[in-house]
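Notes follow once the structure below has been shown.
First the proteins, then the strands, lettered A, B, ... as listed; each starts at 1. Just so you know, these numbers come straight off a predicted model, no measurement behind them.
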Amino acid sequence: MLRKDLRRGFLSIVAGLLLWEILARLLLENELLIPPPSSVVRSFWKLASTGQLNRHFAATVLEFTYGFAAACVVGIALGYLMGMYKWFDEWMDPWIATLYSIPIITVVPLIIIWFGLGMLSKVIVVFKITAVEIILNTAAGIKTIDPVWLEVSKSLRLSRWETTYKIRLPAALPYIVTGMRLGVGRALLGVIIAELLASNAGLGYLLRDASETWDSPKLFVTVVLLAAMGIVSFTLIKKGEQKLAPWRETAEW
Amino acid sequence: MLELYKKNSPAIHKLLSIMCGLAVWHVLATVIVADSSFLVSPLAVAAKSYEMLFQTAELYPHLLASSSIFFYGYLLSIAAGVPLGFLMALSPAVRDYVHPWMTTLYTTPRIAFAPVLLLWLGIGAGAKVAIVFLGCVFPILINSYYGMRVVNREFVELARSFRLTRLALFWKILLPASVPFILSGLRLALGRGLTGVAIAEWFGATEGLGYLIFFAGQTLNVPVLFVGVTAFALLGILGFEILRKVEEIATPWRKKLQT
């Protein structure tokens with residue numbers, strides 16, 4: 001038997017879907033406004049079997065992965081330097097703060113002007129969003145390291161390199177993962193917006209295509225897919241966070 | 001002189017960094033790129049903002065439209081998020097039934113709902129407020145929930161020993177104790193709400209900062225684009241400052257603890 005809260009959650013989802021189906025079929029009878037779940041599933045099947053879905057999905061995932069990977073490398077390096085050297089922190093701070101406080105999506109048109117309509121502009125959007133989060137969190141992690149650990153490394157006569165590799169970076173790891181988690185959600189939003197504004201592939205493009213052709217079942221397929229993507233990436237990162245830093249209480253959502 | 005430098009070195013470094021950055025930006029824009037449909041100098045952005053603020057005054061309607069959408073969406077999400085969060089914290093049944101829907105809605109990129117909401121509510125103010133609402137409500141809800149969940153047990157026990165009624169327990173203990181959490185939810189919601197405003201104004205809007213940015217992007221009008229982005233950043237900073245003031249007023253005991 002499942003746990004009580006899981007059972008209730010499952011029940012709630014099933015009841016919600018049923019209610020949606022009944023309401024859409026009996027009361028509204030308007031596919032345009034609210035398509036019933038069954039026609040959403042049918043539309044999903046149609047899109048999947050023609051290979052369209054695959055193409056758009058792959059484009060979004062690829063853009064996301066490239067941007068994310070680059071942001072991890074650059075973000076950890078810059079964050080490390082900011083945590084280690086006070087002057088560097090002070091020089092970077094105003095710019096990072098500016099980048100952080102500007103709503104991401106307002107700079108998307110600018111990024112498209114600069115980097116074109118292709119894949120590169122979307123990778124840059126993901127990169128920008130994730131890098132800022134990782135930089136801030138890595139710097140915080142490096143700064144708040146327990147001084148006792150550094151003393152231990154001194155008494156063991158570890159070289160600078162070893163101190164970095166064996167003490168500082170592992171100590172900052174939970175912070176870094178937190179930065180990644182924060183980055184994922186925002187980056188997903190960013191990549192979808194960039195695709196929506198200007199592109200010819202990706203889930204954002206599919207979203208615009210569906211809404212401009214008034215194809216509501218297709219629109220809902222995209223919404224459900226995006227929801228699934230959000231949930232899966234969030235769960236993965238959360239699992240990672242718990243594994244790397246089991247002593248830290250992670251966010252429930 | 002040296003002493004003065006040592007005392008204020010962080011501020012001086014930051015100032016220097018901003019100056020150098022702006023100088024590099026200026027040189028990059030005027031000498032290296034030299035294409036005004038690509039990048040313009042910060043001076044040109046300043047000139048354009050001056051013009052839009054004091055000469056043609058065309059920025060004000062956009063500012064007003066964006067702020068009012070933001071304001072309504074934000075207020076609505078406080079009105080809905082805080083009570084629902086409390087309800088979830090106090091009743092496990094409500095929590096279990098609402099939880100899966102909330103996780104789904106919260107982790108889905110909000111932009112996905114924008115076309116759907118537009119379809120349902122039309123291109124008027126309703127859909128825009130709804131998009132902002134959707135962005136703001138979850139951080140507020142989740143933080144209210146947490147705030148009420150993690151209230152110190154000793155406070156509750158103290159209330160019991162004073163034989164407070166349930167209502168008094170809520171008003172005197174649970175609510176004040178969760179205020180700091182709600183405020184940090186409001187802070188999170190601020191940034192998400194501004195993003196929501198921009199998203200909302202991309203779809204079928206005729207005014208607002210988001211529209212301004214979107215339109216400038218489409219017509220390669222880079223100076224106006226920068227003005228719009230700057231206005232958004234300033235609105236965000238203004239909002240944070242207001243919230244900080246609210247926090248000082250709403251949680252006076254925090255300041256006492258610090259000093």
Honestly, the part of B:Phe226 sitting under 4.5 Å from a heavy atom of chain A is side chain
Flag side-chain contact, heavy atom, 4.5 Å: B:Ile213 against A:Pro109: yes
The interface call for B:Ala93 against chain A, heavy-atom contacts under 4.5 Å, is both
Separation between OG1 (B:Thr195) and CZ (A:Arg186), nearest 0.5 Å, reads 7.0 Å
Between the CG atom in A:Leu197 and the CZ atom in B:Phe214, the distance rounded to the nearest 0.5 Å is 5.5 Å
If one checks every heavy atom of A:Leu11 against chain B at 4.5 Å, the contacting part turns out to be side chain
In this structure, CE of A:Met92 is separated from NZ of B:Lys14 (nearest 0.5 Å) by 13.0 Å
If one checks every heavy atom of A:Leu196 against chain B at 4.5 Å, the contacting part turns out to be side chain
Heaviest contributor of heavy-atom pairs below 4.5 Å to chain A, chosen from B:Leu194, B:Val222, B:Leu39, is B:Leu39
Bottom line for B:Ile111: the part with an atom under 4.5 Å from chain A's heavy atoms is both
Is the number of heavy atoms from other residues, nucleotides or ligands within 6.0 Å of CZ (A:Phe88) greater than 12?
yes
So CG of A:Leu188 and CZ of B:Arg110: to nearest 0.5 Å the spacing works out to 11.5 Å
Bottom line for B:Ile199: the part with an atom under 4.5 Å from chain A's heavy atoms is both
Counting heavy-atom pairs under 4.5 angstrom with chain B, the leader among A:Asp89, A:Ile193, A:Thr98, A:Val107 is A:Ile193
Applying a strict 4.5 Å limit to non-hydrogen atoms, the region of B:Val197 in contact with chain A is neither
Taken to the nearest 0.5 Å, the spacing of A:Ile112 CD1 from B:Leu220 CG works out to 11.5 Å
With chain A, the option among B:Pro92, B:Gly210, B:Pro109, B:Cys20 that has the most non-hydrogen atom pairs under 4.5 Å is B:Pro109
Would you say B:Pro115 and A:Leu207 make side-chain contact, with heavy atoms under 4.5 Å?
-> yes
Comparing B:Val116, B:Leu105, B:Val98 against chain A, the one with the most heavy-atom pairs below 4.5 Å turns out to be B:Val116
Q.
Is there a side-chain contact between B:Leu119 and A:Ser216 in this structure, where contact means two heavy atoms from C-beta onward sitting under 4.5 Å apart?
A. yes
Per-residue tally against chain B (heavy atom, under 4.5 Å) across A:Leu219, A:Val108, A:Leu189 peaks at A:Leu189
Chain A shares the most heavy-atom pairs under 4.5 Å, among B:Gly236, B:Gly217, B:Ala112, with B:Ala112
Got more than 12 heavy atoms from elsewhere within 6.0 Å of CH2, A:Trp87? no
dist B:Thr104:OG1 -> A:Leu226:CG (nearest 0.5 Å) comes out at 13.0 Å
Whatever's closer than 4.5 Å to a heavy atom in chain B on A:Trp95 counts as side chain
The interface call for A:Ile105 against chain B, heavy-atom contacts under 4.5 Å, is both
